[in-house]
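What follows is a single structure, written as C-alpha cells, with notes after it.
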Amino acid sequence: RTCLFCVGGMLGIVRLVSPLQALLAQPLVRMQIGGRRRLAGDSGVLRSTVYPNGVAHIILSRPTKLNALNLPLFRALDAAAAALQEQSGVRAVVLSGDGRAFCAGLDVQAVAKRGRSVVDDLLTREPGRLDNLAQAVGYRWRELGVPVVAALHGVCLGGGLQIALGADKRVAAPDCKLSILEAKWGLIPDMSGSITLREVLPMDLAKRYAWTGEFMSGEQAHAVGLVSELSEDPTSRALALAEAWADGTHGLPSEVKSALLASRRNRFHGGDRVAAARDVTVTRVADTANDRFADPANAAPLPLEVLTNKAFPTVTLPETGTLPASVLAACRAAVVLPHARGIVIETESAAATSPPDLSVDPATIADCLRSAAVPVIAQINGRCGTAATQVLLGADIRFGGSRAGLTFEPSTSAASVETRARELGGDKCMAIVARGGAVDATAAAAAGLVTVRDDPGAEIAALTAAIVTRSPDSVAACKALFNRTWHATEEASLLEESILQTELILGYNQIAASVKSLKIPLLSSLMKYRQPRARRLD
C-alpha cells in the first residue's frame with residue numbers, strides 16, 4: 001500500500017503516457033494563399049507552407065525529439081488543420097516530419113508536466129464537433145475537402161500513426177518503423193483509430209496490433225494494407241501525388257477526396273451503420289435449449305487442460321460432426337478462470353458424436369467467444385466442417401498450417417457468419433461464403449480467413465506471450481472497441497473511444513502498465529496486473 005500511495009503522487013505522469021493524451025490544444029493560425037507563404041503561429045514546432053499550385057505542406061518540426069508530440073505541437077497541428085479547412089485555394093495537403101522521423105508518438109516528459117488536468121482537456125468535446133481534442137488531430141484530416149497524403153520515415157508510432165491514418169494515403173520508406181503503441185501504456189488507440197483502422201485493416205489484424213503494440217517495417221505495413229505505397233523518398237513521392245491531385249489530373253480535389261474516402265469506408269463492412277456503438281451486435285441470444293449449458297455442471301466433464309494454470313487455457317473443438325455441449329461449457333468456464341488471459345481453441349480430427357439432445361448450436365459457441373472479454377485465438381489443424389467453421393469465425397484470430405481448411409453452406413449461412421467474414425476479408429470472404437463448399441488453406445489465407453504458418457503453434461505461443469505482458473483491461477477494451485465500432489457510425493465510434501479510454505485511465509492496470517513501461521525500479525516488479533473488471537463484453 002505504501003508503494004501504491006507513492007505511485008499516487010505520480011499518477012499525473014503515468015496517466016498521461018497515452019497518445020490519446022497528447023493532443024491538447026489549439027492556438028489561432030492564420031492562413032495566407034499565394035506566393036510561398038507560411039502559416040502564422042508555428043511556434044517552432046510546425047512548419048507550414050502553401051505553394052502557388054495549392055499544395056499545402058505541413059511539417060512536424062521537433063527533430064531533436066523525433067517530432068514527438070508535446071502540447072505546442074498538438075496545438076499547432078489542430079489549428080493548422082482547422083485553418084486549411086477554411087481556405088478555398090488549398091487543393092491538396094502533405095504531412096511529413098522534419099529530421100530523422102515522422103513522429104515518435106507522445107513526448108511523455110513534456111506532457112507529464114501538465115498534470116492530471118490534461119485528461120479533462122483531451123476528452124472535452126467542443127460544441128458542434130464529433131471529436132474531442134484527443135481525436136481531432138487525426139480526424140480533422142478526414143474532414144478536409146481535399147486529399148491528404150502522409151509521408152512516413154524513421155518511426156511512426158502511437159499518436160503519430162493515428163495522425164497518419166487520418167490522411168487519405170500514406171507513403172512510407174521501406175525501413176520506417178510503425179506501431180500502435182498505445183498497448184504499451186495500458187490504453188487503446190483513441191485518436192479516431194476505431195474509424196481509420198477499420199478502413200485499412202481486417203478486424204483480426206487490427207486487434208492483434210492494438211493488443212501487442214508490435215513493430216512493423218514499412219514493407220510489412222504495406223503488405224497488410226496499413227501503408228498505401230513504399231518509396232525510398234516518401235516526402236518527394238507524397239509531394240508528387242499532391243501536385244497531381246492539385247493540377248486536376250484526377251479530377252477536382254473534392255472529387256478525389258470523396259473517391260478516396262469511399263474506397264476505404266466499406267472495405268470490411270456492408271450495409272448501414274448503427275447510430276450507437278453499443279447497439280452493434282453480430283451475436284444472438286442463446287435459445288432456452290442451450291441455457292442449461294451455462295453451468296458447466298450441467299454438461300459433460302470439462303477437459304483437464306481447461307483447468308490447468310495456464311494464461312491461455314486450451315479448448316479442443318471437433319473438426320467435423322455436431323458439437324457436444326462440453327465445448328460450450330469449456331469455453332464459458334475458461335472465460336471466467338481467475339488466471340485466464342485468453343483462450344486457445346484447437347481443432348482435433350476426431351468427429352463429434354453427441355446425441356441431438358446433448359449437442360449445441362455452433363452459433364451459441366461463436367457468440368460466447370465473441371463476447372468474452374479476453375482474446376480468443378484459434379489453431380486450425382485440419383479441414384473443418386460447417387459447424388466447426390462457424391465456431392472458428394467467433395474467434396478473434398485464426399492460425400493454421402497447410403492442412404487447415406474451412407467449409408461453408410451458402411444456403412444456410414447465418415447472418416453472423418456473413419458479417420464476420422466481411423470483417424476479415426471484405427468482398428473476397430463474402431464471395432467464398434456465397435459460393436459455399438470446402439476452402440483449403442491457400443484460399444482461406446488469400447481471403448483473410450486464416451493466417452497460415454509452417455508452425456502455427458509457435459506463432460500462437462509468441463502472440464499469447466506478448467499479450468500477457470499487456471494490461472488485461474486495455475486488451476479487453478481493445479476487443480470491445482473494435483467489436484462495437486466496426487459497424488457503427490463515425491460519431492458513435494468516436495464517442496465509444498472516449499468512454500472506453502476514460503474507464504482505462506482511471507484503472508489500476510493502466511497505472512501498472514505505465515509504471516512497467518517507464519521501468520521505474522522496484523515498482524515495475526511490485527505492480528502486478530489484476531484481472532479485468534468484467535469477463536464478458538456487454
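For reference, positions follow the sequence shown, starting with 1. We use all heavy atoms of the structure for the numbers below, so side chains are in, but hydrogens, waters and symmetry mates are not. Predicted, not measured: the structure shown is a model, and the values here were computed from it.
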Exercise: identify the closest heavy-atom pair between Gly193 and Gln162 | N-OE1, 3.1 Å

Start with the C-alpha distance between Glu319 and Thr347, add both sets of side-chain angles, then the distance that settles side-chain hydrogen bond (donor to acceptor under 3.5 Å, both in side chains), and finish with yes or no.
-> CA-CA 6 Å; Glu319 291 173 349; Thr347 68; 2.7 Å; yes

Considering residues, nucleotides and ligands other than Arg403, do more than 12 of their heavy atoms fall under 6.0 Å from its CZ?
-> no

Report yes if some heavy atom in the side chain of Ser179 is under 4.5 Å from a heavy atom in the side chain of Leu161; otherwise report no.
-> no

Return each pair, listed once, that meets salt bridge (Lys or Arg N to Asp or Glu O under 4.0 Å) where at least one residue sits in residues 446-462; pairs must be two or more places apart or across chains.
-> Arg208-Glu459, Arg453-Glu459

Charged tip of Lys528 within 45° of Tyr508 ring normal and under 6.0 Å = no

Heavy-atom closest pair (Asp131 atom, Tyr139 atom, distance to 0.1 Å) is OD2-CD2, 3.5 Å

Give the minimum heavy-atom separation between Thr316 and Pro318, together with the two atoms involved.
-> O-CD, 4.1 Å

Closest non-hydrogen contact found for Ala444 with Val439 is N-CG1, 3.5 Å

Go through the side-chain N and O atoms of Gln510 and Asp473 and say whether any donor and acceptor fall under 3.5 Å apart.
-> no

Have Glu497 and Ser194 got a donor and an acceptor in their side chains that come within less than 3.5 Å?
-> yes

Side chain proximity check, Leu495 to Leu130, heavy atoms < 4.5 angstrom | no

Is a side-chain donor-acceptor pair under 3.5 Å present for Glu423 with His487?
-> yes

List the steps and the verdict of side chain to side chain contact (heavy atoms under 4.5 Å, CB included) for Val450 and Phe399.
-> CA-CA 6 Å; Val450 179; Phe399 292 96; 5.6 Å; no

Are the charged groups of Asp367 and Arg420 less than 4.0 angstrom apart, N to O?
-> yes

Minimum side-chain heavy-atom gap Pro375-Lys207 below 4.5 Å | no

Glu214, CD atom: more than 12 neighbouring heavy atoms under 6.0 Å | yes

Looking only at atom types and distance, does a side-chain atom of Lys310 sit under 3.5 Å from a main-chain N or O of Ile343, one as donor and one as acceptor?
-> no

Judged by modelled atom types alone, do Ser192 and Gln135 share a side-chain donor-acceptor pair under 3.5 Å?
-> no

Work out which heavy atom in Asp396 is nearest to a heavy atom in Val374; give both atom names and the distance.
-> OD2-O, 3.8 Å

Under the salt bridge (Lys or Arg N to Asp or Glu O under 4.0 Å) criterion, do Glu143 and Lys257 qualify, and how do the steps go?
-> CA-CA 10 Å; Glu143 293 187 311; Lys257 178 75 170 190; over 6 Å; no

Dump the intermediate steps for side-chain hydrogen bond (donor to acceptor under 3.5 Å, both in side chains) on Ser493 and Arg198, then the final yes or no.
-> CA-CA 11 Å; Ser493 299; Arg198 74 189 185 191; 3.0 Å; yes

Among Ile377, Val327, Leu369, side chain to side chain contact (heavy atoms under 4.5 Å, CB included) partner for Ile345 = Leu369

Qualifying residue, where the test is salt bridge (Lys or Arg N to Asp or Glu O under 4.0 Å) with Glu199 and the options are Arg142, Arg170, Lys169 = Arg142

Answer whether the closest heavy-atom distance between the side chains of Val256 and Asp168 falls below 4.5 Å.
-> no

Could you pull out the closest heavy-atom pair between Thr320 and Arg383, with the gap in Å?
-> CG2-O, 4.3 Å

Are any of the side-chain heavy atoms of Leu449 and Cys429 separated by less than 4.5 Å?
-> yes

